[in-house]
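Step one of this worksheet: look at the structure below.
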Amino acid sequence: MFQITVGKARQGKTRKFAAVKRMIAPTDMRLAPLATSLFLSHNEALVPPYRVLVDTNFINLSLENRVDIIKGMMDTLYAKCIPCISDCVIAELEKLGHQYRLALRVARDPRFERLPCSHKGTYADDCIVNRVSQHRCYIVATCDRDLRRRLRKVPGVPLMYISKKRYAIERLPDQALG
């Protein structure tokens, strides 16, 4: 039988470059503790049951990924959720035509709260940004990168999106989750 012995190589006294590069001084300002609930200084109106403002592409991608919208939201937020759909989102789904009839049927579900719009036009992204800027009691569910980029500029608005066939939440405080 063969016996294989592995000896330890002599380690050098100098550190490797990558190990030195990754060291951070304990007094670095990036290590200063920040409160995870800093979010609540911008938004104290966000309490369960959560009102989730849903966008057109979020409904479409939920159907493509076979995720039940209300159940998925409740699993993500650990609380009761009320999905809200504005008239602009319904109008956008109607404009998309016959291919999106299932998404339109889901949007007209009686469990979804309907939000009337008083502005002109049916561009849903502008409607969502304006509504969230005025009333910060919503979580916005969208997969549109441009809309998410616009909403990140509004302080105190959490974003929900689809990642790996599940819902994920961005910027929700620890205290709001229970």
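Atoms considered below: every heavy atom in the structure, side chains included; atoms not considered: hydrogens, waters and symmetry mates.
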[X] vs [Y] side-chain heavy atoms within contact, under 4.5 Å:
{"X": "I139", "Y": "R51", "value": "no"}
{"X": "H119", "Y": "C127", "value": "yes"}
{"X": "K80", "Y": "Y50", "value": "no"}
{"X": "E94", "Y": "Y100", "value": "no"}
{"X": "L77", "Y": "V52", "value": "yes"}
{"X": "I59", "Y": "L104", "value": "no"}
{"X": "T142", "Y": "I128", "value": "no"}
{"X": "C84", "Y": "Y138", "value": "yes"}

For the [atom1] atom of [X] and the [atom2] atom of [Y], what is their distance to the nearest 0.5 Å?
{"X": "H135", "Y": "S133", "atom1": "NE2", "atom2": "OG", "result": "10.0 Å"}
{"X": "R148", "Y": "D55", "atom1": "CZ", "atom2": "CG", "result": "11.0 Å"}
{"X": "L96", "Y": "T56", "atom1": "CG", "atom2": "OG1", "result": "7.0 Å"}
{"X": "R108", "Y": "I90", "atom1": "CZ", "atom2": "CD1", "result": "6.0 Å"}

Mind running side-chain hydrogen bond (donor to acceptor under 3.5 Å, both in side chains) on S62 and Y167 for me, showing each step along the way? CA-CA 9 Å; S62 294; Y167 293 162; 2.7 Å; yes
What I want to find out is whether R149 reaches D144 closely enough, with some N-O distance under 4.0 Å, to be called a salt bridge.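 Not counted as a salt bridge, because no side-chain N and carboxylate O are separated by less than 4.0 Å.
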Contacts of R145 that satisfy side-chain hydrogen bond (donor to acceptor under 3.5 Å, both in side chains) - sequence neighbours left out: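 side-chain hydrogen bond (donor to acceptor under 3.5 Å, both in side chains) check on R145 returns nothing, list empty.
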Pairs of donor and acceptor atoms involving the side chains of residues 64-75, under 3.5 Å and at least two apart or interchain, shall be tabulated with distances.
residue : atom : partner : partner atom : Å
N65     : ND2  : L61     : O            : 3.1
K71     : NZ   : D75     : OD2          : 3.4

For R114, is the CZ atom crowded, meaning more than 12 foreign heavy atoms sit under 6.0 Å from it? yes
Give a yes or no on this: more than 12 heavy atoms of other residues, nucleotides or ligands lie within 6.0 Å of atom CZ of R105. no
same_hphob_cluster(I162, L102) at 4.5 Å side-chain heavy-atom cutoff: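 Cluster IDs for I162 and L102 match.
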